[in-house]
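See below for the structure under consideration.
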Amino acid sequence: MSAGDPRCEVVTTRGGARAMLDRKTGEVMHPVVGPSIESARLYCEPARLSARLSAPVSGARAEPLVLLDVGLGAGSNASAAWRLSEALPASARRLEIVSFDHSLDAFALAARPEHAADFGLDGAAGLAARALLAAGHHETARSRWRLVHGELPAALDLEAAAAADVAFWDPFSPRANPDLWTLAAFTALRRCCRAGATVHTYSGATATRSALLLAGFAVGVGESTGKNKTATCAAVDLRDLARPLDRRWIERLGRSSAAFPPDAPADALAQVASLPQFHAARPEVEGSCLSSRRQM
């Protein structure tokens with residue numbers, strides 16, 4: 001890619017959806033079903049975002065629900081959460097979205113009038129996106145959206161005071177973005193999470209799940225992303241997972257040729273195998289990756 005070429009391009013997926021191609025990495029954001037469906041299916045719905053915002057507000061719950069949007073990209077995940085919040089009544093809990101990315105090229109292209117509807121950035125969401133690009137933040141009576149523009153995970157460490165309730169982890173793959181799939185990256189994320197927080201990512205890779213476990217999360221199976229592939233849900237509290245990984249997964253972990261992130265400790269297998277979630281007498285449960293307890 002030459003210096004004069006645009007970094008990003010809007011393309012059409014095999015399924016007919018419009019999506020964003022990052023020409024530097026060669027990767028397409030939301031490549032299978034397109035941004036609108038994937039944002040709902042892999043992020044907002046598994047996080048039970050609507051239920052968590054709509055639950056009765058009292059005491060500590062009067063604080064905004066904080067969503068860390070790691071990998072803003074074209075803005076589809078964050079805008080889906082923002083639109084969901086804006087549609088709720090005034091009595092619902094407020095939402096604060098903190099979006100992280102080191103490049104705004106994809107977001108700026110997606111926000112253009114000719115592309116905005118394809119990425120959920122039309123109408124009021126488009127006004128919010130343009131404000132974010134211009135000033136780094138946008139606020140309404142229901143929602144606050146702000147941007148952290150910088151390299152991760154260093155930028156994430158600076159946001160530890162954000163006290164996250166939900167994290168959408170959606171950077172490019174380990175091939176293109178290796179630093180964001182390490183034990184160090186997920187440890188930085190864990191420092192940002194308060195009690196009851198959950199994490200949602202499209203990756204179902206063994207190394208991703210083991211890194212989350214080593215970082216201090218309970219980890220479970222997420223939504224289907226294709227044939228024999230599933231996303232991942234993680235939580236501070238094991239009880240918030242409906243389909244936690246079990247002893248069968250530990251057995252497969254021991255046989256995997258790519259079991260751990262590159263910065264895992266030498267005794268990583270023993271550490272993971274000793275975690276409480278693999279000794280709890282609890283079978284896997286079909287359905288959403290989050291327990292119904294998370295509705296409260």
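Note that these values count all heavy atoms, side chains included, but never hydrogens, waters or copies made by symmetry.
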Tell me the closest heavy-atom pair linking [X] and [Y], and the distance in Å.
| X | Y | result |
| --- | --- | --- |
| Leu84 | Ser50 | CD2-CA, 3.7 Å |
| Thr182 | Pro178 | CG2-O, 3.3 Å |
| Leu214 | Ala264 | CD1-CB, 4.1 Å |
| Met20 | Ala106 | CE-O, 3.4 Å |
| Cys8 | Asp22 | SG-OD2, 4.1 Å |
| Val272 | Ser210 | CG2-O, 4.5 Å |

Would you sort out whether Thr201 and Val70 count as a side-chain contact (heavy atoms from CB on, under 4.5 Å), showing the intermediate values? CA-CA 10 Å; Thr201 179; Val70 180; over 6 Å; no
I'd like to know if the side chain of [X] reaches the main chain of [Y], judged simply by a donor and an acceptor atom lying under 3.5 Å from each other, with no hydrogens or angles considered.
| X | Y | result |
| --- | --- | --- |
| Arg209 | Val219 | no |
| His149 | His102 | yes |
| Ser54 | Ala51 | no |
| Asp101 | Leu72 | yes |
| Tyr43 | Ala80 | no |

Could you tell me whether the side chain of [Y] reaches within less than 4.5 Å of the side chain of [X], counting heavy atoms only?
| X | Y | answer |
| --- | --- | --- |
| Thr232 | His200 | no |
| Leu241 | Cys233 | yes |
| Trp145 | Val98 | no |
| Phe168 | Leu67 | yes |
| Arg7 | Ser103 | yes |
| Glu38 | Ser76 | no |
| Leu68 | Cys192 | yes |
| Arg23 | Pro6 | yes |

Charged N-O contact under 4.0 Å between [X] and [Y]:
| X | Y | result |
| --- | --- | --- |
| Asp237 | Arg239 | yes |
| Glu223 | Arg41 | no |
| Arg194 | Asp165 | yes |

Hey, could you give me the [atom1]/[atom2] distance between [X] and [Y], rounded to the nearest 0.5 Å?
| X | Y | atom1 | atom2 | value |
| --- | --- | --- | --- | --- |
| Leu104 | Leu147 | CG | CG | 5.5 Å |
| Asn177 | Thr25 | CG | OG1 | 8.5 Å |
| Ser143 | Glu96 | OG | CD | 10.5 Å |
| Phe217 | Leu212 | CZ | CG | 6.5 Å |
| Arg255 | Ile250 | CZ | CD1 | 11.5 Å |

Is there a donor-acceptor contact under 3.5 Å linking the side chains of Asp170 and Asn77? yes
Testing the 3.5 Å rule here: is there a donor-acceptor pair between the side chains of Arg52 and Thr198? yes
Please set out all donor-acceptor pairs under 3.5 angstrom arising from side-chain atoms of residues 107-121, sequence neighbours excluded.
none

Assess whether side-chain contact (heavy atoms from CB on, under 4.5 Å) is satisfied between Arg83 and Ser79, documenting all intermediate values. CA-CA 6 Å; Arg83 285 184 280 109; Ser79 67; 3.9 Å; yes
To which residues is Leu21 joined in a hydrophobic cluster, defined by side-chain heavy-atom contacts under 4.5 Å among Ile, Leu, Val, Met, Phe, Trp and Tyr, whether direct or through other members? Val11, Val28
Partner residues of Glu27 under the salt bridge (Lys or Arg N to Asp or Glu O under 4.0 Å) criterion, sequence neighbours left out: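 Checked Glu27 against salt bridge (Lys or Arg N to Asp or Glu O under 4.0 Å); matches are Arg175.
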For the pair His30 and Ser39, evaluate side-chain contact (heavy atoms from CB on, under 4.5 Å) and give the outcome as yes or no after the intermediate values. CA-CA 8 Å; His30 309 286; Ser39 295; 4.0 Å; yes
Checking side chain to side chain donor-acceptor pair (under 3.5 Å) against Ser203, which of Thr208, Thr230, Thr225 comes through?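 Output: one option passes, namely Thr208.
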Which side-chain hydrogen bond (donor to acceptor under 3.5 Å, both in side chains) pairs, counting each pair once, include a residue from [range], with sequence neighbours left out?
| range | result |
| --- | --- |
| residues 128-142 | Ser85-Arg142, Glu86-Thr140, Arg94-Glu139 |
| residues 9-19 | Thr12-Arg18 |
| residues 265-275 | Asp267-Gln271 |

Whether Trp249 and Phe278 hold their rings parallel, tilted or perpendicular, with breakpoints at 30° and 60°: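 Taking Phe278 first and then Trp249, their aromatic rings lie parallel (interplane angle under 30°).
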Assign the ring pair Trp169 / Phe186 to parallel, tilted or perpendicular, where the plane angle (0 to 90°) is split at 30° and 60°.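 Rings of Trp169 and Phe186: tilted, as their planes differ by 30° to 60°.
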Check the pair Ile97, Leu95 against side-chain contact (heavy atoms from CB on, under 4.5 Å), reporting the backbone distance first and the verdict last. CA-CA 6 Å; Ile97 304 169; Leu95 175 67; 3.7 Å; yes
